[in-house]
Amino acid sequence: MTPIYLDCNATTPLEPEVRDILLRFLTEEFGNEGSRTHEYGVRAKQAVQKARDQVAVVVAAKRDEVIFTSGATESNNLAILGLRAAGREQGRRHVIITAIEHKAVLEPCAALEQEGFEVTRLPVTAGGFVDPAAIRAALRPDTLLVSIMQVNNETGVRQPIEAIAEILKDHAAYFHTDAAQGFGKDIETLRNPRIDLISISGHKIYAPKGIGALVMRRRGYDRPPLRPLVYGGGQERGLRPGTLPVALIVALGAAAEIAVRDHVKRRQACQKIRERALQALAPLDPKLTGDQSQVMDHVLNLAFPGLDSEALMVALKDFIAISNGSACTSSSYTPSHVLKAMGMDDDEANACVRISWRHLTPAVDWDAVANRIRTLR
Amino acid sequence: MRPPIYLDYAATTPVDPRVAEQMCRYLTRDGVFGNPSSRSHAFGRAAAQAVEAARAQVAALVNADPDEIVWTSGATESNNLALKGAAHYYSKKGRHLVTCKTEHKAVLDPCRQLEREGWQVSYLEPEPTGLVNLDHLAAALRPDTVLVSIMQVNNETGVIQELAAIGRLTRERGVLLHVDAAQSAGKVSIDLAALPVDLMSFSAHKVYGPKGAGALYVRRRPKVRLEAQLHGGGQEHGLRAGTLATHQLVGMGAAVAIAQAEMAAEAARLLALRERLWQGIQAIEAVYLNGDPQRRAPGILNVSFGGVDGEALRAALRDIAVSSGSACTSAAAEPSHVLLALGRSKPLARSALRFSLGRFTTLDEIDYTVARVQAAVTQLRELSPLWERYLEGMGNVWEQ
């Protein structure tokens, strides 16, 4: 029996509408957008520009503020390591992040640290979000960058991006948010003009894997002073050279547009799934992770007292496919750094599973799931 | 209006329908769409299996071990990882690199960046044929030389370098050899068990795979080490972080498997077509073949036309999609750095057309192209002051 896929925070299947567009640009509209000498190249260039607009509009940015990358990991690396040179030149070597960031933020920050930068890793509340006052307290005159994720990938808890933007109003620090889990889902937040840098992932919003973007908002006429990580060819204003993967870009553009168009419908569908799940599981007395008023509609991180997550995933594997944390770290057996930062001990953290779905997730037999869990007790 | 005849396969290729069909199985809900890093369920494990099968296909193309293949977003990233990754990792040994003036920007630009960071780079002058002079290379190697980077097939001229000889030299001197094989993999046979090459960059979209996928071969015996350029997530043994794009990698694997199976027959077919194209163009007075007449990849023909402006020629050939050189630099009006390095004059470098033939090129297309080029060159020369001076007996005035 094929289980129902409930790991949409790890990756999502392609939006059916996007598939045909992707396919057309693979086989028919295949030009290299760098080719200026013929129609194939010109058409590819036009398609890329349209996709740039489609992505930009979601976050109220301009087309020339969108840089396409291979995914959110690269976007995060470009945002963080790209500021390294400016930080050195300006003598601003302090970075503020939270303890619950994704590895794709934690690791580039650790690389900065090895090169003499100072990184402040703020704790989070038991509810799973950073206290904006802690950011105010951590700010220093030499703070170069504040990087706070929009939505945590393991708990689905929204971070107080607007409050942080307000605090940063009078500070020169660049404000970056890893929006891999929130772009196209929690839409209004990212339109805040104080956010300088936004990392976007395609495959979390029903676009293909292998494509992402970094939005670099200008302040007046000034672009964030990023330097490239990759050199050669001059594409994306020299910030991210390499032949543009036109088909992937066009697919991301289309998925972004659909995300805005269907936003309300999708949220409602996700809320319904959440209600049904909670209804069936409530009698088992689950311990819900994170402040539920801040959790995204499509995520449920929970534990059943006395049950280990590994045992739970194995027991449920014929019903639902779930995970116990980030896919990027799912091969390691160390307890989640996110849950530990929320104050859990190893046993508590090891009990948690993440269930994440989407608007098109087929009906789950939650009663069967609940019954299976009952047998484990 | 029918679309122009596509003769720019060196810039990019369409995805082969057989490849596209494979890719489609790894995208949607009814396919294998999982995250290959998801170890906790079958969706992830199936994706991981597909990624490993594709890795084996890429390894098989060049007779390498699958463990020696690292996925990237394309040859530009592969070149950056190889050059900067090796230079940084081995910086204690020395800070000197050697490359050639005719390399792609994706090699030259990382070299420039390393120069800004304090490395020294020697840029070899090629022979007029485009080939690297082995004596010059030997003379350029120093005790602090960490790496030599030489492309296998030049993207503008198609010239094939003598990798075996170059590799013998670098191996003897204990220097790493990186090869940009974006234009050669899947087109000329490569045996990395025999070739003394340490790092090799591959691109999918030059061999009928998708754009946005590539790989870097990193030799294991003797082991080559690199400093990662992207951090976070631990994929690819920590060498290249980021969610693996299953359908892209499946596409690359399928594309190279087809290229490998059809390589011999396709090379012979393309060579015959290219010879026919060259015979037709050669009939025009004062044309110049760029690059070695023999050692060239079968699909590429680069020709300069005396007394003709390249821009005007391409405009006159609007129904034929050709380029003046690399797509990555085709926005710039500058004459090709490759042709200048081969000793061509600026007027001749500016007049060059690169014809690159591929899997879907037909005999009719070639014959049509020959007729159109002959007519366009004749017509443009009627208006050319340079051509007038040539006719007045002033010699090959465009050679200065």
Side-chain angles (χ1 to χ4, degrees), chain A residues 3 5 7 10-11 13-14 16 19 23 26-28 30-32 34-41 70-71 73-74 76-77 102-108 111 203 208-211 229-235 241-248 313 317 321-324 327-331 360, chain B residues 3-4 6 8 11-15 17 20 23-24 27-29 33-35 37-44 73-74 76-77 79-80 104-110 112-113 205 210-213 229-235 241-243 245-248 314 321-324 327-328 330-331:
Chain A
Y5 183 76
D7 200 10
T11 193
L14 197 68
R19 180 185 175 277
L23 197 58
L26 286 175
T27 53
E28 291 165 38
F30 62 86
N32 185 330
S35 295
R36 299 287 188 276
T37 56
H38 52 70
E39 199 182 306
Y40 293 88
S70 65
T73 293
E74 187 182 344
N76 287 335
N77 274 264
H102 191 274
K103 296 260 185 220
V105 165
L106 293 176
E107 290 190 19
H203 74 102
K209 297 174 188 61
I211 188 67
L229 305 180
V230 173
Y231 297 85
Q235 291 93 343
T243 298
L244 292 184
V246 182
L248 297 178
M313 289 189 302
K317 73 175 171 39
I322 57 178
S323 76
N324 56 351
C328 295
T329 44
S330 71
S331 54
L360 294 177
Chain B
Y6 191 73
D8 203 8
T12 193
T13 62
V15 171
M23 291 173 69
C24 282
L27 288 165
T28 45
R29 201 192 131 207
F33 66 84
N35 185 328
S37 294
S38 291
R39 299 279 192 267
S40 67
H41 50 68
F43 294 88
S73 65
T76 295
E77 186 185 339
N79 286 339
N80 274 263
H104 190 275
K105 294 256 183 232
V107 164
L108 295 177
D109 285 1
R112 297 271 183 236
Q113 171 60 19
H205 78 99
K211 297 175 188 60
Q229 304 291 304
L230 286 182
H231 310 273
Q235 292 92 345
T243 297
T246 318
H247 71 289
Q248 291 281 98
R314 282 190 302 278
V322 292
S323 77
S324 47
C328 294
S330 72

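Proteins come first, then strands; the chains are lettered A, B, ... in the order of their sequence lines, and each starts at number 1. Both backbone and side-chain heavy atoms feed into the values below; hydrogens, waters and symmetry mates do not.
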Among A:P241, A:P245, A:P3, which has the most heavy-atom pairs under 4.5 Å with chain B?
A:P245
Mind listing the closest non-hydrogen atom pair of A:P13 and B:T28 along with its distance?
CB-C, 3.9 Å
For the candidates A:M313, A:H203, A:K317, which exhibits the highest count of non-hydrogen atom pairs separated by less than 4.5 Å from chain B?
A:H203
Judged by atom type as modelled, is there a donor-acceptor pair below 3.5 Å linking the side chain of A:D7 to the main-chain atoms of A:I322?
no
Regarding A:H102 and A:N76, do their side chains bring together a donor and an acceptor under 3.5 Å, going by distance alone?
no
Option in B:G74, B:A42, B:C24 with maximal non-hydrogen atom pairs under 4.5 Å from chain A
B:C24
So which of A:N77, A:T11, A:V105 has the biggest tally of heavy-atom pairs under 4.5 Å with chain B?
A:N77
Less than 4.5 Å to any heavy atom of chain B: does that hold for the side chain of A:L106, its backbone, both, or neither?
neither
Beyond-backbone contact of A:L229 with B:Q229, side-chain heavy atoms, under 4.5 angstrom:
no
Within the structure provided, determine whether B:T12 and B:Y6 are in side-chain contact (heavy-atom separation under 4.5 Å).
yes
Of the backbone (N, CA, C, O) and the side chain (C-beta and beyond), which part of A:I211 lies under 4.5 Å from a heavy atom of chain B, both, or neither?
neither
Sub-4.5 Å side-chain heavy-atom contact between A:S35 and A:Y40
no
Answer yes or no: is there a donor N or O on one side and an acceptor on the other, between the side chain of A:E107 and the main chain of A:K103, under 3.5 Å?
no
Honestly, the part of B:N80 sitting under 4.5 Å from a heavy atom of chain A is side chain
Compare all side-chain heavy atoms of B:S37 with those of B:Q235 and state whether any distance is below 4.5 angstrom.
yes
Given that the side chain runs from C-beta out, which part of B:L27 has a heavy atom under 4.5 Å from chain A: side chain, backbone, both or neither?
both
For the candidates B:P110, B:G212, B:P210, B:A213, which exhibits the highest count of non-hydrogen atom pairs separated by less than 4.5 Å from chain A?
B:P110
If you tally heavy-atom pairs under 4.5 Å between each of B:G34, B:G44, B:P17 and chain A, the highest tally belongs to B:G34
Taking side chain as everything from C-beta outward and backbone as N, CA, C, O, which of these in A:A247 sits under 4.5 Å from a heavy atom of chain B? Side chain, backbone, both or neither.
neither
With chain B as the partner, which of A:L14, A:T27, A:L360 has the greatest number of non-hydrogen pairs under 4.5 Å?
A:L14
Taking side chain as C-beta onward, heavy atoms only, is B:R314 less than 4.5 Å from B:S324?
yes
A:L248 portion near chain B, given a 4.5 angstrom heavy-atom threshold:
side chain
Main-chain N/O of B:K211 paired to B:Q248 side chain as donor or acceptor, under 3.5 Å:
yes
With only heavy atoms counted, which part of A:Y5 is less than 4.5 Å from chain B, the side chain, the backbone, both or neither?
both
Given a strict heavy-atom distance threshold of 4.5 Å, which part of B:V322 is in contact with chain A: side chain, backbone, both, or neither?
backbone
Looking only at heavy atoms, what is the nearest atom pair of B:K105 and A:G233, with distance?
CB-N, 3.6 Å
Below 4.5 Å from any heavy atom of chain A, which atoms of B:T13 appear? Answer side chain, backbone, both or neither.
backbone
Chain A heavy atoms under 4.5 Å from B:R29: which part of the residue, side chain, backbone, both or neither?
both
